[in-house]
Every structure is written in structure tokens, then in C-alpha cells.
Amino acid sequence: MSSSAPLRLCVSFLCVAGASLAQITAPSPTITAVSPLGGKPGTTVELTFKGVELDGAKSILLTSLRDGKSRSYPVEQVPAKKGVLAVKLPADAPADIYDIRLMARYGITNPRVFQISAADVVESPGTNSKSDTALKVTTDSAIQGNFKAAVPHWFSFEGKKDQRVLGAFIGSGFDVRTSLVGSVFDNGGRELARLRDGILDVKLPADGAYKLKINDLMFGVGDDYGYRLSLTTGPVMWAAGKEALYGWNLPGGQVVSGLRVNRGQPLEHLKADAATIAKLIASSPTQALRLPDESEAPSVTADKPTPLIVGQTFGGWFPANGIARQFDLTFKNGDRFIIELASQQLGYSTDPSLLIETVKGEAVTLQADLGDPPATVPAPSVRITQLDPVYGYEAKADGVFRLSVSDSSNAANGRRHPYQLRIRKANEVTTEGAIAIHAKLPPAAAAGPFEIPSANVWRNGVAAMEVFIPNRTAISEAVEIKVANLPAGVTSLGGIISKGQSLGYIGLRAGPDAPAGAATLSGIASTGYLTWAAKDATLLFTRNAGAPTIGVVPDAAPALIEQATPGIPEVAADAKLDVPLKVTRHAACTEVLKLKLLGLTDPTKAPEVTIAAKAADGKVTLDIKTLKLAPGDYGFILQGPAKMSFQRNAEDIAAAQAEAKKATEAQVAAKKSVDEANAALKALKPEDKAGQTAQQAKIKDLTAALTKADKAKADADKAAKDIATKNAAKDTTFLVHSTPIRFRVKETAKK
């Protein structure tokens, strides 16, 4: 995988025994594949979505992975192409890489990835499987297609001597399984360059024709094996900061000797203003990674430790050849601080190490030797791999730490990446780097299966999002979770990540009349998503998508569970706390509710709350001493399955019934007209032959109209009956959440 790819993480899930393992059968729209992977502004793109519950689609929602802005575009079914939706991209649609979601009947889907660029699009037919059937393209085009057979795709292009042509495609950044490999050949069949780590870079030796061959590394085929290879003679971005860019073929860029991040050419560096940087990022076929503010250039080699103080941040590049970059951190008695070495979480393919030593005069002793941080408890339902070291410390005296940072695995391969070393005060609470995860029930067993969760809230119900913040330690203070830019009719209930924890929950509540719709939330920058559903845990992947998006389903939720009494209850650290609950049920939701308490401890050890059948109240009891909660602010939610009878496509059924009623009324009116016309005929005098002839003609027309009305009624009645039969009410299991519940633990009273 190229280091310029958005982060792709191995994930695992927790297993919770008991009633919480009921399968969720409520409709939840899910995309498993989309093609093509991009389009050009001002054109109509025919999109094919694969997945479930995608009927009733009205629009797509595109959310920029660069600035988080969202744009909605209507879609229309393409005649004679089942499942194909047409979308017109406006001429001013910004060039960017987006999360694409489909707004369907039962809410918004999970995201896939879609690119908009000014490059001319070339669709590969798949018949160009040999050199002599190569498809002609230009050196500035976006080539896209799917591997439907285990054969390569060939292309040809014309080039000029000394022209530099680059190509870019990183499959993990487009939610496909494709590991694209390929080569460029001259007219004589000599290989000139290879596609390595998602980047093709070739300098053409002469004017003439060239061939490009691409294929999946393992010749995989199917909907998951799409590609979009962007060819360009322009710049390709790798990372961007406030005043600097790194990449290849940068206009005016300077090659940084030996600075490699993949098996290709060294990076080029360019200092530029914000407008230039924005323009180059928009024109790049790759998503630029976030570049920390640079405190020193990549070429700098320090011969002695650099001094740091608590509250300071330093941005640099890991040294070459496995050498550690050193810093001396001075602190005072009573300082409480967190040392964060961030690189992998910024999107770089790194696995940093942090060595902390105590310096006293000439003596240096080991304080901590850190690699990956320990697993967090409680952990998110999608356990996100963390490779960046973090260390919390409370100073009992003045002192100095010597910090040594390195990235040995990349150094061994001749690669270097940026890092950010931040010394944060422990009382500095922040949601920076927060990752939202749409909550789901755990799998039936530790081995799976694993499914993509819903991102929707039903009317008069609550949806909870998990929020994970990296770099928190046991001395981190509680932090409030807030989001904004909510869909119409949805209210944020807020949330909290408790003291010393990394995971919390935020609740979103839809009102009883909330309209169908969706919005990309602000306040949290990224969302952890399972990329593909999986039968087992052999190989699971997730992508850090952009900001979370929530949809509204205009049907009622089974139950609303909330704290019965207002305020934040308080409890001593050695006592028990009872929290009364209020339950507002849908009329069809009458069964027992078994809910797990999430957010305080490992879910396998978490208390379970049982709410009796038909009950409108309940209670949560927390044993603070058993949970080992130190004094501070805490929060939790309740989550579990709820069953009720549910009729799908209620709007369509209502519309069909309305049409049947309308047809019945039309038939009654038509019959009445015939009866009145017959009565009028009988009332005519026998000698009024002309009147009788005219009335008989009228009756004939009215009778024909009645015949049509009879047929229309029969057809409408049948349609209403058929759709009601097809969508008969069934017992359906939903995932329900309580509103977030807060409480405060106080010091144990002294005896």
C-alpha cells in the first residue's frame, strides 16, 4: 500500500453474550460497491450501486474528504438499465475526492469513494485485453473500469521526448480490493516503468507511441475490483501543510535528495501560498495527506537534543537509517502532561517508537520504552489499530526527560515520513482526531460475522454514535462531545468521554415529525467504517472516512428510552447509583427489552438492564466500587434489540390505497352518471326521436366510461392488495439506544 493512501486499518470486534445477540432485521441501506469510481464536471454519470435496501433512491450525497463540505445531487433511474442511476454533475462541481452515499427509502447508506476531476474520462470496456487491442487514451485522462475477467487491460498513448507522465491509483483509498500493478512499454516492447505503491512515474525517451498494461496483482475479478487510474503530466500531491507541499512533478518544486516514501522517485518540496496550495491539491489525482507544521526541514540532522517544554509541539521527519531524533523535555514539579508522537494517525504508513529516559546530570535512566499504545477499555465496536505511542505523566519533582523518536521499519526500507511530537497539558481537553463509529450490536461470536451498521435515526427514537479519541491516557480529563449541522427534525443530545477513557457516545434524537433527509455533521472530522461485511475475522478492513453523516427514516422507532429524572446524579466512589428510566413505546413494541450498558467498562463485563414487557419504566443500578471508577464525570448509553411488528413500504401502500379509493370514487361517479342518463332517457316522450337518439349516444359513451372505471378500480384494488400482501407486517428487530446518561463520582466520605 502506498503511504499516500487514506488509512486502511485492520479491525476486530468484541463479543457480548446474551440476548443482545439478536439479529437486526430492520431495513438498513448498505452499499457494497459502486461503479464507476469518478466523473467529470458538466457530464451525466451512470452509477451502478451494489448492496441492499437501495430502492427508492432519490439523491446522492457527496462529502469532500478535503474540507468536509457536502453536496447533494438528484438521481434518476436510467430507462432499460435496472439498478443504474443517472446523476448530472454540475459544471462547477469542485474537483475533489468524496465520500459518496445514496439516499434511499430507509435512509442514508454507508460511504464509498468517488472522485470528480477535470480529466477526460475513459471507460475501459474490458475487451482491450491484449496489446493489439489497446484502447487509445491521452496523457491527461482518468481511465476507469472493472476487472470482470482475469486478464489485463491495455491502453496506448502518444508522448513527447522528455515528457514526464505520472499515474495514480490507490485501491484502498477507493474502497475496492484492487491492488493495481502495471507497466509502460515503448514501441519496441521494452519496459520503461512500473506502477509501484499506487504511483506510476515515467520520463518518455522519445516522441512516439507507448503502451500501458494494468491488472490486479492477483487477477481478482468482480464488483470489488474496480479502478480509476489518473494519468497526468501535471503534479501529484503526497502531503500538504500551511506553507509547504510534497509530491512529484511539482511546478517549481525542488527534489529532496533521498527523501522517499515509496519505491518511486524522491519527493519534491515546494513552498507556496495558501491559494497555490489549494489549486494544486484540487488538481492532484491523489488525496493529499495532512502535513504537520514543520519545525525543521527533512534534511536537517541534529547533533544534540532539541529542548522542549510542556505545551510545545514539534513537527519533523523521522531520520534516515534508523537514527533516533532526540529532544530534552524540561518539566516542573506538579506538571501533568501527555506526550504524543503522532504519525500513523495522520495517515502515514508508519509504526513509530518513543524512548523516554530520565536525565539527571550525566546519568540517563530508562523511564519508558513505548511502541503501540495498550488496547483501550472500553473499546469501540470497530477496534481501530493504534500505532502511535502516547505517555501520560504527573511530575512529583522538577526534571528532564530525553525523548528519542524513530520509525525503524520504514528506515530499513529507505523511507521517511513526517511526525508530530506534542507535549499536551493533561487538563487541555480536546476532541482533535476524534473518530465517530456508527454503533451496532456485536457479532454472534468472536469470529463473526461482521456487518456494516446503520447511520440512521428513526422518528421518535435515538441513534448513538461511538466517538473514539486517540492519545488519551489515565490522567486525561473528561471531554464533552458536540456535533452540529443536523438534519431537519434531529436534536443532538450531547455526549461525554469519561475521565481516563478514550471512548464515549453521543446521542441524536429524531422528532416524531422529522422529515426524511440526511446531513453531514460538523464537530467530528472522521468516521471509522467497516469497508466490507465479512463472514469471519480472517481479514477485516476499515477506512477512515470523512465526517459522520446521519439520515432520518420517516417511520417510528420501537421505543424511546431516557433518564426519568433531570440533572446529573452524584454518587460516592464506594456506593451504588440507581438511575430511573422512562420508556415510551410504539404501540407494536410490547416485548421485554434487554439492554447492555456501554461506555464504562468492557462490554462483556457490563451490567445488563431488563425492562419488563409493556413496561413504561425501568432502572439502571451501577456498583461504582465494582466498576472501579475514580472521582470524575462519566457517561454511558444503553443499547440492545427491540422487536415490533413492522410493515415495509408504508408510504407506497398508502399511495396505492389512496389510488384504489380514488378509482372507487370514480367508478361510483361513472355508474351514477349512467343511471342518471338512463333515467333521463325514460323521461323523454316517445315522439322525441331526436332526443332519444342523442341520449342513447350519451349513454353509450357513459357506459364505455363506466367500463373503463370498472377496470381501473379492479386494477387499483389488485395493486393495493398485491403491495399490501407483498409487504405484510412482520416481526422486525431494531437496534435501540437510550439517551446519553451522565453521572458524577465523588470522593469517598472519610469516616
Novice: Do the non-hydrogen side-chain atoms of Ile108 and Met103 ever get within less than 4.5 Å of each other?
Specialist: yes

Novice: With Phe734, which residues qualify under ring pair (Phe, Tyr, Trp, His ring centres under 6.0 Å), at least two apart?
Specialist: Trp458, Phe646

Novice: Kindly compute the distance separating CG (Leu638) from CG (Leu598), expressed to the nearest 0.5 Å.
Specialist: 8.0 Å

Novice: Kindly write out the residues that satisfy ring pair (Phe, Tyr, Trp, His ring centres under 6.0 Å) with Phe468, not counting sequence neighbours, or none if the list is empty.
Specialist: none

Novice: Could you tell me whether Asp722 and Lys726 have a side-chain N and a carboxylate O separated by less than 4.0 Å?
Specialist: no

Novice: To the nearest 0.5 Å, tell me how far Met465 CE sits from Ile435 CD1.
Specialist: 13.0 Å

Novice: Should Leu486 and Ser492 count as side-chain neighbours, where that means a heavy-atom distance under 4.5 Å?
Specialist: yes

Novice: Rounded to the nearest 0.5 Å, how far does CD of Glu466 lie from CD1 of Ile637?
Specialist: 7.5 Å

Novice: Side chain to side chain donor-acceptor pair (under 3.5 Å) with Arg648: which residues, sequence neighbours excluded?
Specialist: Glu53

Novice: Counting C-beta onward and ignoring hydrogens, is there a side-chain heavy-atom pair between Ile481 and Ile497 closer than 4.5 Å?
Specialist: yes

Novice: Quick check: do Asp55 and Asn649 have side-chain heavy atoms less than 4.5 Å from each other?
Specialist: yes

Novice: Taking atom CD of Glu651 as the centre, does the number of heavy atoms from other residues, nucleotides or ligands within less than 6.0 Å exceed 12?
Specialist: no

Novice: Can you find a side-chain donor-acceptor pair between Tyr227 and His153 that sits under 3.5 Å?
Specialist: yes

Novice: State, with a plain yes or no, whether a side-chain heavy atom of Leu593 is found less than 4.5 Å away from one of Arg585.
Specialist: yes

Novice: Please name the residue in the list Asp175, Thr527, Thr531 that meets the side-chain hydrogen bond (donor to acceptor under 3.5 Å, both in side chains) test with Arg543.
Specialist: Asp175

Novice: Is it the case that atom CD in Glu76 sees more than 12 heavy atoms from other parts of the structure closer than 6.0 Å?
Specialist: no

Novice: Just list the side-chain donor-acceptor pairs under 3.5 Å for residues 545-563, sequence neighbours left out, or say none.
Specialist:
{"from": "Thr549", "atom 1": "OG1", "to": "Arg101", "atom 2": "NH1", "distance (Å)": "3.2"}
{"from": "Thr549", "atom 1": "OG1", "to": "Thr520", "atom 2": "OG1", "distance (Å)": "3.0"}
{"from": "Gln563", "atom 1": "NE2", "to": "Thr565", "atom 2": "O", "distance (Å)": "2.8"}
{"from": "Gln563", "atom 1": "NE2", "to": "Gly567", "atom 2": "O", "distance (Å)": "3.1"}

Novice: Restricting to pairs with a member in residues 86-97, which pass side-chain hydrogen bond (donor to acceptor under 3.5 Å, both in side chains), not counting sequence neighbours?
Specialist: Ser64-Asp96, Arg66-Asp96

Novice: Sequence neighbours excluded, which residues qualify as side chain to side chain donor-acceptor pair (under 3.5 Å) partners of Lys81?
Specialist: Glu46

